Protein chains: 2
Amino acid sequence: MAERRRGAARSESARIAVLETTAALFAERGYDHLTIEGIAAEAGVAKQTIYRWWKSKSELVAECLFEGRLLPVDLVPPDSGDIRNDLTTWLDALFRFTDAPENGGLVRSLVIVAAENESVGRQLDASLGVSTLLTTRLGAATKAGDLPAGTPLKEVVDTLIGAVLVHVLQRTPAAPGAAKRLVSLLLP
Amino acid sequence: MAERRRGAARSESARIAVLETTAALFAERGYDHLTIEGIAAEAGVAKQTIYRWWKSKSELVAECLFEGRLLPVDLVPPDSGDIRNDLTTWLDALFRFTDAPENGGLVRSLVIVAAENESVGRQLDASLGVSTLLTTRLGAATKAGDLPAGTPLKEVVDTLIGAVLVHVLQRTPAAPGAAKRLVSLLLP
DNA sequence: AATCATATACGCAACGTTGCGTCTCGCTAA
DNA sequence: TTAGCGAGACGCAACGTTGCGTATATGATT
């Protein structure tokens, strides 16, 4: 049996206020200009209330991320039946998203968090809204015979994400047709 | 004509001491625990001497990087004549380097700098000791007929780097044979 | 059932510490 | 004589911790 709690329960409203404020300030100022004191003030919450529940700034951001509060869009690959077209469409949307200046900063901040926080790093693919779903679709396509049997799915997914990261870090907008070229390269 | 300087010239020994100390502390503690005051103290230099010549911490680290002081190894791809073997060997060495825990932290710190500092980000490939050289080799291989004529070289290089970054961020040691699989995937 | 005791979270506010970036000192070297 | 140098003090911002008084929820006592 779970021993019943004794005193006042954790304030859900405070928790929500903190997470919402964190996500807002993160998107607005980026990770490195994010301060615990700033979040507390803006959220109308005591600093100690934050430190009581979150060990660090990166952990706080991680929770926002895993609750889907950081990325404004759902990057779900479409399902038309043609796996290569779907991948191209999805990758192209991802490129167009990251190429917008404000989003570029957002994703770069996200990369910083991934580099600092192990759990965010490990779930990097999930953080970017992909991974399992994408791998599932690729697996299904392989089974259906749309892809060669030996296609190393994990490598393909990692590689796609990696290409996006490189573009974001290099501040190089994706060239026209880059998504298509990349997909053709990986899944000829 | 270059106007003759008046007054004391910039101290080269101080400059060297600062860069060496920066590289050492960066490798030892990582980027986020690197402080200007710490560098100044360790290098036996006044804080103002640093601020006089470098605008920010990331710029200081960038100069270390571009002078080759940050990465302890030269990651030059071999040249055996077989471009795929060479790529695999090089990529494998890169994986083995980043898989060592202390190096993983180093590269993750480097990613943080690339995310914060535009010039580092833009020269990300050069920072990792690759790019131009690699692209040159790939171009030569294409010309020699070892690779299909339409191979998108830039995409290939970006993709390789991206795959390495993803592994580093995910804290996933590269699986045995990963380098070979990746190269086969990109250059079938 | 009403009351008290205990336990916990809360907002508020202050603490000492660290690192920032700027500034002013003499000293030294070109 | 001028500019870079080491040393170090300054105000500022944010850190992470602590104590205070209040609100709330549970368990024990009347």
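Just so it is clear: chains get the letters A, B, ... in the order the sequence lines come, proteins before strands, and each one is counted from 1. Since we're looking at a predicted model, the values are computed, not measured.
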(request) Using whole Å, report how far CZ of A:Arg5 lies from P of C:dT6. (result) 18 Å
(message) By nearest atom, which of the nucleotides C:dA9, D:dA14, C:dG21 is closest to the A:Thr35 side chain?
(response) D:dA14
(message) Does A:Gly38 reach a base, just sugar-phosphate, or nothing at all? Heavy atoms under 4.0 Å.
(response) nothing
(request) Grab the CZ-P distance between A:Arg6 and D:dT24 for me, whole Å please. (result) 18 Å
(message) Is it the case that D:dG6 (base atoms only) and B:Lys47 (side chain only) share a donor and an acceptor within less than 3.5 Å, ignoring hydrogens and angles?
(response) no
(request) Side chain of A:Ile36 only, please: which of D:dG16, C:dC10, D:dG4 is the nearest? (result) D:dG16
(request) Return yes if a side-chain donor-acceptor contact under 3.5 Å exists between B:Asn117 and B:Ser119, otherwise no. (result) yes
(request) Take the protein atom NE2 of A:His33 and the nucleotide atom C1' of D:dC15, then report the distance between them rounded to whole Å. (result) 16 Å
(message) Would A:Arg15 pass as a cation-pi partner of A:Trp53, given that its NZ or CZ must be under 6.0 Å from the six-membered ring centre and within 45 degrees of the axis?
(response) no
(message) If you assign each of B:Lys55 and A:Val45 to its closest nucleotide in DNA chain C, which residue comes earlier from the 5' end?
(response) A:Val45
(request) Select one nucleotide: of D:dT24, D:dA7, D:dG16, the one nearest the side-chain heavy atoms of B:Gln48. (result) D:dA7
(request) Establish, with yes or no, whether the OP1 or OP2 oxygen of C:dC10 is under 4.0 angstrom from a side-chain nitrogen or oxygen of A:Trp53. (result) yes
(request) Grab the OH-P distance between A:Tyr51 and C:dA9 for me, whole Å please. (result) 18 Å
(request) From the options D:dG16, D:dA3, C:dT8, select the nucleotide whose nearest atom is closest to the side chain of B:Ala8. (result) D:dA3
(message) Without decimals, in angstroms, what is the distance between A:Arg15 CZ and C:dC10 P?
(response) 12 Å
(request) Consider only side-chain N and O atoms of A:Thr98 and A:Asn103, and report whether a donor and an acceptor are under 3.5 Å apart. (result) no
(message) Could you report the tightest heavy-atom contact between A:Leu124 and A:Ala114, atom names first, then the distance?
(response) CD1-CB, 4.0 Å
(message) In this structure, how many angstroms lie between the C1' atom of D:dG4 and the CD1 atom of B:Ile50, rounded?
(response) 14 Å
(request) For the side chain of A:Arg10, starting at C-beta, report the closest nucleotide among D:dC15, C:dC20, C:dC10. (result) C:dC10
(message) Rounding to an integer number of Å, can you tell me how far B:Leu25 CG sits from C:dG19 C1'?
(response) 15 Å
(request) Hey, which sits more toward the 5' end of DNA chain D by its nearest nucleotide, A:Lys57 or B:Ala14? (result) B:Ala14
(message) Just the rounded figure in Å: distance from P of C:dC20 to CH2 of B:Trp54.
(response) 15 Å
(request) For the pair A:Thr172 (side chain) and A:Gln170 (backbone), establish whether a donor and an acceptor sit closer than 3.5 Å, ignoring hydrogens and angles. (result) yes
(message) Looking at A:Thr49, I'd like to know whether one of its side-chain N or O atoms comes within less than 4.0 Å of OP1 or OP2 on C:dA9.
(response) no
